Number of protein chains: 2
Amino acid sequence: MAGMSIGQAAERSGCTVATVRHYEEEGLLKAIGRAPNGRRVYGWPDIHRLRFVRRCRDLGFSIDDVRMLLGATDATSPDCLAVRDMAVAHIDRLRVMRVEIDALEQSLSSLANTCNEACATGRSPVCTIVEDLGATASG
Amino acid sequence: MAGMSIGQAAERSGCTVATVRHYEEEGLLKAIGRAPNGRRVYGWPDIHRLRFVRRCRDLGFSIDDVRMLLGATDATSPDCLAVRDMAVAHIDRLRVMRVEIDALEQSLSSLANTCNEACATGRSPVCTIVEDLGATASG
DNA sequence: GCTTGATCCTCATGTTACCTGAGGATGCAC
DNA sequence: GTGCATCCTCAGGTAACATGAGGATCAAGC
């Protein structure tokens, strides 16, 4: 089953067609074959590599990070420790993000609740959410 | 104390100078005065408006969202309910984000742990993180 | 009065990770 | 053979600013 079109490759890897082309021109894929008609031809190794990239991106790694990871897989002796350090650093970033998100949700929830009490029955002359967000008259 | 420079405005609002200019050209600020020498002059209402925008952005609202919120503050009769709906929708987005972040952290943590066991003592011939991420040999 | 460094101006381009569309060739089904 | 789907290559758009060029202005110190 080698010899997939870009459409099939996209479907099997969970990318869009545009994204697959994008990864190629970012140099994340090894030389992609071409059919006599000029169309790209993908094999299973390409699909796996695409999935790998997609997975990393979903995990929040940048394209540059992925390039590094792929460099590690391509090298004969991957720098495992550097890769692990990258993962650990990324975990730290995620923890910070979660704390921020929790705080935001709290703020927004209380704003929405206040609003519910103040104007859910209709329109209040002044939106409490906007008030609470700190908008002072600026006329 | 009216008559602040863009630098002071930036400092007091928690923005960078570039960001303040950016918000202006996005139409988020009301007409900013100019000194005879052509420099922008800010008053306290401008600072408050900048803080409002900054706060909203930090809360994850897009510039377009903020434009809407400011429209609500500027209008004589703000559409409070629409504003509340926006906040509620945003809370939903935040919840989804948090679930994803939790999952990512789990994945990365287990990856890092596996790596610690496998290659913390040196370099393993194959990095387990890269393996676990799904990279199968690709040519 | 003059130099120096900080701050300001505008305009243009860069960043990230793609998406969208133009304009045209090709493939597949009926 | 006539559509419609899929593919191709550019080119430009998106969000929310950041950065840099090239030049004017200001405030401080000597």
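In the text below, chain A, chain B and the rest are named by the order of the sequence lines, each starting its count at 1. Since this is a predicted model, take the numbers as computed values, not measurements. These values consider heavy atoms only, across backbone and side chains, with no hydrogens, waters or symmetry-generated copies.
With no hydrogens or angles considered, no side-chain donor-acceptor pair links A:Y23 and A:R49 at under 3.5 Å.
Separating the CD atom of B:E25 from the P atom of C:dA12 is a distance of 12 Å, rounded to the nearest angstrom. For B:R40 and C:dT7, the CZ to P distance is 17 Å, given to the nearest whole Å. At whole-Å resolution of the value, CD1 in A:I6 and P in D:dA5 are 18 Å apart. For the pair A:I32 CD1 and D:dC7 C1', the interatomic distance rounds to 15 Å; values are reported in whole Å.
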Exercise. When every nucleotide of nucleotides 17-30 of chain C is labelled 5' to 3' by its protein contacts under 4.0 Å (heavy atoms), B for base, S for sugar-phosphate only, - for none, what sequence of letters results?
Worked result: BBSB----BBS---
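Checking side-chain atoms of B:D92 against main-chain N and O of B:A89 turns up no donor-acceptor pair under 3.5 Å. Checked by atom type and distance alone, the side chain of B:D65 pairs as donor or acceptor with a backbone atom of B:S62 at under 3.5 Å. No side-chain donor-acceptor contact under 3.5 Å links B:R39 to the backbone of B:I6.
With sequence neighbours excluded, the residues that form a side-chain hydrogen bond (donor to acceptor under 3.5 Å, both in side chains) with A:E24 are A:R40.
Taking only side-chain nitrogens and oxygens, A:R21 comes nearer than 4.0 Å to OP1 or OP2 of D:dC8.
Applying the ring-ring contact (aromatic ring centres under 6.0 Å, His included) test to every pair with at least one member in residues 80-115 of chain B, sequence neighbours left out, gives these pairs: B:F61-B:H90.
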